[in-house]
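Here's the structure, in structure tokens; my notes come after.
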Protein chains: 2
Amino acid sequence: MASVETKERILDAAERLFAERGFAGTSLRSVTKAAGVNLAAIHYHFGAKEALLREVFARRAAPMNQERLRRLDELETAAQGRGVPLESILDAFLRPVMHLQRDLAAEGDVWGRLIGRVYSEPVDLVEAVLKDQFVEVSRRFMDALSRSLADMPPAEVHRRMQFVIGVLTHSLTGLHRRAGLPEYGGENVDSDDSFESMLAFLAAGFRAPLRSNGASVAEEMPVKEASEG
Amino acid sequence: MASVETKERILDAAERLFAERGFAGTSLRSVTKAAGVNLAAIHYHFGAKEALLREVFARRAAPMNQERLRRLDELETAAQGRGVPLESILDAFLRPVMHLQRDLAAEGDVWGRLIGRVYSEPVDLVEAVLKDQFVEVSRRFMDALSRSLADMPPAEVHRRMQFVIGVLTHSLTGLHRRAGLPEYGGENVDSDDSFESMLAFLAAGFRAPLRSNGASVAEEMPVKEASEG
DNA sequence: GTCTATAACGGGATAGAC
DNA sequence: GTCTATCCCGTTATAGAC
């Protein structure tokens with residue numbers, strides 16, 4: 001009876017601490033302290049630290065990704081094989097994250113920061129904990145994008161999808177709210193305006209034609225006048 | 001004499017380990033082992049773990065940011081107050097990172113991964129270690145962008161600049177090379193093609209008009225029929 | 001299911017010889 | 001400048017009482 005409460009209190013506390021300090025930076029003792037439980041309770045319920053992170057993450061990610069796939073299914077059914085519009089695909093990918101982030105933030109939760117942070121944990125940890133949650137979503141959305149953007153090589157679609165994920169995770173960490181420059185306004189990342197802005201940015205970026213292979217990293221930048229070095 | 005060598009060996013080893021495992025996940029003992037030096041040598045040369053991170057980061061970031069500012073100066077001089085084109089500003093911001101990343105990667109260095117990772121360290125650490133390196137660059141580029149995009153509110157410019165940073169840092173971590181789906185090609189993030197793709201994506205995204213305030217996060221997504229793309 | 005107690009180890013930092 | 005040795009604390013994980 002109290003076991004369920006205990007388990008959820010541990011999950012809540014761990015979610016917050018992992019989000020704020022990362023995996024290595026969070027001690028199990030700090031979790032027990034924040035949750036008001038005993039150290040042994042964590043090992044009883046989860047077995048080990050890494051398994052705790054796995055459950056913390058899966059608790060939110062699983063329903064979120066189901067919702068993403070549900071929306072994509074709906075779009076593809078409606079499209080009847082004609083290819084789903086890019087904006088709709090991106091919307092189906094991004095909106096469930098934002099919904100969940102917003103709803104949980106209202107309860108004081110920090111899922112948004114966690115998902116952003118977990119992406120930058122050491123690779124081994126990510127593969128052990130996070131990868132399973134995203135394999136299907138990645139494949140399904142990549143396929144949908146490739147069909148929608150038939151002119152774009154799959155490798156390029158994949159690359160641009162990584163840009164989308166970069167924008168998403170960086171926004172979710174909300175780091176710039178404090179690390180950014182205050183004079184330009186501490187806008188909330190999860191506001192509706194911000195989501196619309198993100199969607200417009202990403203859709204336009206995704207559609208950008210590849211430039212006529214002009215400059216390369218090796219060349220200098222295209223400054224006309226001023227000399228350079 | 002050997003002191004300089006020792007100090008640089010420590011910096012090199014610490015750069016690699018911080019990049020791979022993060023700050024909290026890296027022990028000073030692991031650094032000494034990788035560098036082949038004594039534990040006390042780190043405290044002699046740097047004083048404390050956080051100061052070591054600061055020096056590791058500043059060693060690369062300082063010249064990189066000077067180069068960014070030099071390029072921006074050049075552009076603004078050439079523009080004679082007429083406003084620098086968006087693409088050139090983004091180029092000046094992004095290319096020095098890519099140059100440095102590519103040059104160091106050729107020596108087996110991992111600066112790219114470090115800069116990507118450091119951005120996702122706990123906020124307090126970022127403010128203590130990283131913020132100083134970027135205050136001037138942020139202000140200068142924000143000003144240039146706001147002048148170039150005179151129609152866009154500064155808060156929106158700031159928001160979109162965060163999107164740029166999200167794409168940049170996520171690309172630099174190179175995480176998707178392993179966590180992504182292998183069948184779509186393990187493209188190198190630092191290839192010239194990838195840089196051109198990023199620049200085209202970001203410039204187009206930055207120019208995207210704000211949508212006519214149609215949907216909001218609270219509303220449902222805009223599935224009409226199945227029409228167009 | 002929850003507790004106390006402790007094992008077994010690794011962490012950052014420092015003193016002081018050389 | 002570089003070393004050894006050590007302090008002192010925190011870490012994960014487990015054993016076993018209740």
Side-chain angles (χ1 to χ4, degrees), chain A residues 1-57 59 114 117-118 121-122 124-129, chain B residues 1-59 114 117-118 121-122 124-130:
Chain A
M1 157 112 150
S3 78
V4 178
E5 281 176 17
T6 294
K7 197 168 178 182
E8 289 213 350
R9 279 217 311 283
I10 294 172
L11 286 170
D12 289 342
E15 182 179 57
R16 171 175 311 277
L17 289 166
F18 285 149
E20 285 170 1
R21 308 180 193 172
F23 182 74
T26 300
S27 69
L28 291 183
R29 290 177 138 88
S30 68
V31 175
T32 65
K33 209 166 142 186
V37 302
N38 189 274
L39 176 61
I42 292 187
H43 285 96
Y44 174 78
H45 285 289
F46 302 95
K49 191 183 180 185
E50 191 174 298
L52 172 60
L53 175 63
R54 196 193 318 277
E55 289 207 36
V56 164
F57 194 78
R59 176 172 68 147
L114 179 66
R117 177 174 299 285
V118 163
E121 293 286 352
D124 295 344
L125 187 63
V126 171
E127 298 209 338
V129 167
Chain B
M1 156 120 130
S3 78
V4 179
E5 281 178 17
T6 294
K7 198 169 177 180
E8 290 214 349
R9 279 217 312 281
I10 294 172
L11 286 170
D12 289 341
E15 181 179 56
R16 172 175 309 278
L17 288 166
F18 285 149
E20 285 171 1
R21 308 180 193 174
F23 182 75
T26 300
S27 69
L28 290 183
R29 291 178 145 87
S30 71
V31 174
T32 65
K33 210 165 138 186
V37 303
N38 190 273
L39 176 60
I42 292 187
H43 285 97
Y44 174 79
H45 285 289
F46 302 95
K49 191 183 180 185
E50 192 174 299
L52 172 60
L53 175 63
R54 195 193 318 278
E55 290 207 36
V56 164
F57 194 77
R59 176 173 67 149
L114 180 66
R117 178 174 299 285
V118 163
E121 292 287 352
D124 294 346
L125 187 64
V126 171
E127 298 208 338
V129 167
L130 178 143

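A close approach under 4.0 Å does not occur between any side-chain nitrogen or oxygen of B/Y44 and OP1 or OP2 of D/dT2. Applying the 4.0 Å criterion to OP1 and OP2 of D/dG1, one finds that B/T6 has every side-chain N and O outside that range. Contact annotation: B/S27 side-chain N/O to C/dG10 OP1/OP2 distance is not under 4.0 Å.
With salt bridges taken as basic N to acidic carboxylate O contacts below 4.0 Å, none links B/R21 and A/D124.
Atoms CG and CD1, on B/L28 and B/I10 in that order, are 9.5 Å from each other to the nearest 0.5 Å.
The CD atom of A/E8 sits 14 Å away from the P atom of C/dG1 (whole-angstrom rounding). The interatomic distance linking A/N38 (CG) with C/dT2 (C1') rounds to 7 Å, in whole Å. Whole-Å rounding puts the B/L53 CG to C/dG12 P distance at 13 Å. Counting to the nearest Å, the P atom of D/dG1 and the CZ atom of B/F46 are 12 Å from each other. Straight-line distance from the CZ atom of B/R21 to the C1' atom of C/dG10: 13 Å, rounded to whole Å. The nearest whole Å value for the distance from the CG atom in B/L17 to the P atom in C/dG12 is 12 Å. One can place CD1 of B/I42 at 12 Å from P of C/dG11, the figure rounded to the nearest angstrom.
Closest of all the heavy-atom pairs between B/L17 and B/T26 is O-OG1, 3.1 Å.
Using a 4.0 Å heavy-atom criterion, one finds that A/T26 contacts the sugar-phosphate atoms exclusively.
Annotation: cation-pi geometry satisfied between A/K7 and A/F46 (NZ/CZ under 6.0 angstrom from ring centroid, within 45° of ring axis).
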Given the rule in the side chain to side chain contact (heavy atoms under 4.5 Å, CB included) test, do A/V118 and A/F18 qualify, once you have shown the distances and angles that lead to the verdict? CA-CA 8 Å; A/V118 163; A/F18 285 149; over 6 Å; no

Go through A/L11 and A/L52 one step at a time and tell me if the side chain to side chain contact (heavy atoms under 4.5 Å, CB included) criterion holds. CA-CA 8 Å; A/L11 286 170; A/L52 172 60; 4.2 Å; yes

Could you write nucleotides 13-18 of chain C as a row of B, S and -, 5' to 3', where a protein heavy atom under 4.0 Å of any base atom gives B, of only sugar-phosphate atoms gives S, and otherwise -? BB----

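Panel note: side chain B/R117, backbone B/F23; no donor-acceptor pair is recorded below 3.5 Å.
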